[in-house]
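Below: one structure, written as structure tokens.
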Amino acid sequence: MLNRTDAFSGFESRNEKRGGGKGETMTSRKYNPHEVEEKWQAVWEKRGMFRVTEDPKRPKYYLMEMFPYPSGNLHMGHVRNYSIGDVLARYRRMNGWNVLHPMGWDAFGMPAENAAIESGVHPATHTDRNIQKMIRQLKRMGFSYDWDREINTSAPEYYRWEQWLFIQMFRKGLAYRKSSEVNWCQQCQTVLANEQVEGGKCWRCAREVVPRELEQWFFRITEYAQELLEECGRMDGWPERVLTMQKNWIGRSEGGRILFPLSDREGGIEVFTTRQDTLFGATFMSLAPEHPLAMALAEGGDREREVRAFIDRIRRQDKRSRVSEDYEKEGVFTGAYCTNPVTDERIPVFVANFVVMEYGTGAVMAVPAHDQRDFEFARRYDLPVRVVVLPEGVDHLAAESLEEAFEGDGILTDSGPFSGLESAAARKKITAYLEEKGLAEATVQYRLRDWCISRQRYWGAPIPVVYCDRCGIQPVPEEDLPIRLPMDVDFQAGGSPLAAHPEFVKATCPSCQGPARRETDTMDTFVESSWYFDRYTSPHYDQGMFDPEKVDYWMPVDLYIGGIEHAVLHLLYSRFYTRVLRDMGMLKVDEPFRNLLTQGMVIKDGAKMSKSKGNVVDPDAMIRRYGADTTRLFSLFAAPPEKDLEWSEQGVEGAFRFLQRIWRWLEEWREELIDVSPYDGPVPAGEPAASLYRKVHETIYRVTRDIGERLHLNTAVSAIMELVNELYQVDRSRVREGALERSVLRMAIETVLILLSPYAPHIADELWAGLGHEKPLLEVPWPTFREEALRKDEITLVVQVNGKVRSKLQVARDLPQGEIERKALEDEKVQRFLSGKPPKKIVYVPGRLINIVA
RNA sequence: GCGAGAGUGGCGGAACCGGCAGACGCACUGGAUUUAGGAUCCAGCGGGCAACCGUGGGGGUUCGAAUCCCCCCUCUCGCACCA
């Protein structure tokens with residue numbers, strides 16, 4: 001363990017013998033972060049400084065960070081995320097905004113339940129204990145949360161409204177039940193979310209996960225696919241990267257559905273294709289092994305056994321390896337044929353391992369000449385290849401000598417009346433032609449699938465429905481909400497504890513009053529996080545999900561900060577939920593998050609911190625050794641927010657040194673400055689006062705812009721450091737003789753403290769109070785800079801010859817161009833590089849440089 | 001394969017809209033102070049003796065390019081038999 005005195009050793013001895021040198025004796029205090037931080041945290045709490053209410057007189061600013069799962073341990077990723085948020089929240093407050101900055105707990109989820117299975121501690125107890133621990137950690141970091149708005153998603157007061165909304169969604173058909181294939185762990189006897197399957201294995205017991213067909217609850221997110229996609233194009237406050245990921249995830253393709261009638265029997269096979277222009281080249285059909293017709297077509301024929309064996313084999317294969325890159329394409333002929341609707345040819349129907357049931361119709365028209373997969377398949381099984389699209393400028397392609405499919409658009413050939421058309425036009429015409437015959441329709445296909453929200457787990461919000469043998473699925477009456485999780489459950493039995501709880505399962509049908517069976521699945525935890533930002537606006541409201549007036553005042557969130565790992569799931573679900581609530585008349589906004597900041601990971605030794613790599617840095621240890629201010633400061637200074645941050649112990653030392661440097665400077669100057677008021681006027685006459693004054697205003701300008709506009713939190717720290725370096729250059733004797741007024745010096749150090757306060761609020765408040773101030777810095781207005789202080793009377797002009805810097809000129813800011821040119825040409829160094837030749841051209845950029853072209 | 005982002009000293013990173021490359025910090029070196037320093041303060045710190053050369057490599061536009069354009073290389077992330 002680190003020794004606390006290590007960090008302070010410099011002070012211990014220094015303090016003993018301070019006071020000599022400059023003829024003064026003062027008892028100086030050493031910087032003890034713990035003392036300072038705990039003191040100020042208590043003051044802030046006592047003043048209730050972080051509480052916020054609606055205020056029509058001030059502009060609102062809703063800033064939040066993604067809430068954590070209460071694991072019981074704050075990690076560096078949290079520290080970074082919340083430090084970024086806290087700087088911005090404090091900055092906005094000091095600039096006059098009414099800032100909502102809440103925190104809560106994404107409290108449902110598997111880890112608590114797994115802990116219960118292993119240790120016997122109830123998930124609720126486990127979760128509450130963890131929350132208490134993390135609250136202490138967050139408070140110890142000094143984050144400015146309004147704790148009165150704390151949300152715990154596992155509280156019945158919260159999930160009650162989630163159940164309520166579920167019922168509304170059920171009534172509108174937005175929540176529905178269907179059979180689907182899910183990840184099933186045989187060891188744990190439960191469904192696993194996709195993100196809980198690691199490399200095809202259960203993340204807990206490492207047993208192979210198998211697909212299993214189960215009835216599940218879904219939310220109809222696909223209903224909003226088009227709107228969710230379109231809005232991506234207008235969300236200028238989100239990183240392009242995230243929008244692209246969402247667009248890809250939604251995955252819109254325009255195409256058509258085409259019916260291939262079956263030969264020798266009733267019915268047909270419907271395919272989805274984006275390449276209607278290649279229809280004349282479709283020489284066989286491929287079905288997914290899961291396709292209902294796959295087995296049906298083979299049944300009774302001589303290929304039945306072979307087809308069954310193939311389908312069984314493929315379906316047993318792990319889904320993951322089935323979609324891997326090196327998966328070899330194979331298939332089996334079903335013995336059946338269908339008819340190409342434009343050529344009237346009989347084409348064989350295959351079952352192919354690379355066709356997936358989940359996309360389109362689970363059936364693909366195979367065009368080997370123009371699709372690489374079909375091409376490989378055709379070569380392997382010796383199926384005909386027919387070229388029907390020629391690349392621009394090519395008038396013939398021999399199918400036999402083709403080495404790969406031509407997948408581009410081109411000019412149609414061998415396509416009956418459509419030959420000669422361009423691909424794009426042909427797609428439309430061929431679809432229209434078949435539409436008339438009732439064999440096709442133009443459709444849009446999305447990759448996005450409906451959101452499966454049921455989980456066969458205990459620690460989640462119960463889905464509020466009952467099953468009645470007579471009346472079917474019945475939503476629970478609203479007055480019976482919340483459907484509470486029973487506490488007396490057995491976790492050791494395996495399987496879902498709710499299903500094994502007879503009193504929970506036993507229910508009455510709200511329709512016929514007869515006996516019914518309660519749903520024992522719980523909701524995906526992503527459901528809770530899809531609306532918690534609405535709930536923060538009125539967390540104790542008990543008449544509905546949230547108070548309509550308050551939600552209208554605060555929403556949308558002005559800035560949302562979190563990790564990129566939620567780029568699709570959580571952020572897409574929240575966007576969906578916001579629209580559902582809007583369409584129910586409960587919200588007036590379309591989008592929940594106006595601006596999104598995705599912060600980078602915290603890494604150590606080049607890798608993400610993880611227990612298995614043994615490179616975890618514990619925030620508690622950092623606080624113990626350096627304090628919260630240093631921990632915050634380093635995590636903000638070492639990299640810009642969006643980039644990954646390499647944790648460096650030496651870097652942390654540097655941040656700690658910087659804070660000590662400010663502390664020490666004030667120790668040395670306090671007596672000189674204690675009775676002085678800060679200078680508050682125009683640029684003072686005479687040096688060094690004017691220079692220091694300018695530096696102060698330049699710093700205000702830079703820090704304000706870096707935090708407020710550019711979100712470059714790291715460079716703002718650099719700017720403050722520069723100002724502090726400048727303060728260390730101040731010559732005490734010049735102050736004594738009056739060349740540098742004490743008031744200017746006082747203004748400078750006060751500015752340092754104000755600008756620093758969002759980053760290191762405790763030490764800033766301590767030193768601020770030490771200067772005699774009563775109010776904490778959070779209640780002090782942010783300083784403004786004077787324009788005229790940024791304009792220097794005398795500027796350094798760069799002099800280039802042929803684009804290379806050769807000299808510099810000190811000139812008056814408003815010196816006319818002619819004068820400047822004359823001075824530049826007279827310059828000795830310039831003359832050397834001109835070697836007597838007259839300049840061909842002179843480029844003058846006012847205030848910046850002059851370039852002489854020889 | 002497709003899409004996005006990135007490549008700058010020994011390291012983390014600055015450099016706004018094309019105008020002094022390397023701010024600030026770390027590491028390192030020297031000095032001061034000190035019984036001592038792994039503390040503090042001050043100074044130095046891309047390469048090269050120099051002319052000069054330097055922002056992944058090559059070309060281009062421009063008076064002038066880390067920044068804009070074209071080609072290539074490398075890395076990171078996302079998607080990926082999507083029909």
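Letters A, B, ... are given to chains in the order of the sequence lines, protein chains preceding strands, and every chain is numbered from 1.
A:Val805 comes within contact range of the sugar-phosphate backbone alone, with a heavy-atom separation under 4.0 Å but no base atom that close. Among the atoms of the strands shown, only primed sugar atoms or phosphate atoms (P, OP1, OP2) are found under 4.0 Å from some heavy atom of A:Tyr728.
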**OP:** Test A:Phe658 against A:Phe637 for ring pair (Phe, Tyr, Trp, His ring centres under 6.0 Å), laying out the working first.
**Re:** CA-CA 11 Å; A:Phe658 172 61; A:Phe637 174 64; 8.1 Å; no
**OP:** Would you check, one step at a time, whether the test salt bridge (charged side-chain N to carboxylate O under 4.0 Å, His left out) holds for A:Glu698 with A:Arg702?
**Re:** CA-CA 6 Å; A:Glu698 185 200 313; A:Arg702 284 170 61 187; 3.3 Å; yes
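In textbook terms, a nucleotide whose glycosidic angle is within 90° of 0 is syn, while B:G78, being further out, is anti. In this structure, B:C17 is classed as syn because its glycosidic torsion stays within 90° of zero.
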Check: protein-nucleotides 11-17 of chain B nitrogen or oxygen pairs below 3.5 Å:
| unit_1 | atom_1 | unit_2 | atom_2 | d |
| --- | --- | --- | --- | --- |
| B:G12 | O2' | A:Ala638 | O | 2.7 |
| B:G13 | O3' | A:Asn714 | ND2 | 3.3 |
| B:A14 | OP1 | A:Asn714 | ND2 | 3.2 |
| B:A15 | OP1 | A:Arg710 | NH2 | 2.9 |
| B:C16 | O2 | A:Arg705 | NH1 | 3.1 |

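Residues A:Tyr701 and A:Arg705 meet the side-chain proximity criterion, which asks for heavy atoms closer than 4.5 Å. Counting heavy atoms from C-beta outward, A:Phe260 and A:Leu279 have side chains that approach closer than 4.5 Å. You'll find the side chain of A:Asn340 stays beyond 4.5 Å of the side chain of A:Phe280, heavy atoms only. Between A:Lys604 and A:Met76 there is no side-chain heavy-atom pair separated by less than 4.5 Å.
Using atom P as the reference point in both B:C53 and B:G59, the two lie 14 Å apart (nearest Å). Going from the P atom of B:G22 to that of B:G46 covers 9 Å, rounded to whole Å. Atom P of B:C2 sits at a distance of 11 Å from the matching atom of B:C72, rounded to the whole Å.
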Subject >> Protein proximity profile, nucleotides 58-65 of chain B - base contact B, sugar-phosphate-only contact S, no contact -, cut-off 4.0 Å on heavy atoms >> reply: -----BS-
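For the OP1/OP2 pair of B:A83 and a distance below 4.0 Å, the side-chain nitrogens and oxygens of A:Arg447 include no atom meeting the criterion. The phosphate of B:C42 (OP1 or OP2) has a side-chain N or O of A:Gln729 nearer than 4.0 angstrom. Residue A:Arg373 places at least one side-chain N or O under 4.0 Å from the OP1 or OP2 atom of B:C82.
Taking the centre and axis of the six-membered ring of A:Phe833, the NZ or CZ atom of A:Arg806 falls inside the cone set by 45° and 6.0 Å.
Regarding A:Arg661, its CZ atom lies at a distance of 10 Å from the C1' atom of B:C42, rounded to whole Å.
Comparing A:Arg449 and A:Phe833 by the nucleotide of RNA chain B that holds the closest heavy atom to each, the one mapping nearer the 5' end is A:Phe833. Taking for each of A:Val364 and A:Arg657 the nucleotide of RNA chain B with the nearest heavy atom, the 5'-most of the two is the partner of A:Arg657.
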Original post:
For RNA chain B, what dot-bracket results from Watson-Crick or G-U pairs at under 3.5 Å, with [ ] for crossers and | for inter-strand partners?
Top reply: (((((((..(((......[....))).(((((.......))))).((....))..(((((..]....))))))))))))....
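Nearest nucleotide to the side chain of A:Lys808, out of B:A83, B:C79, B:C20: B:C20.
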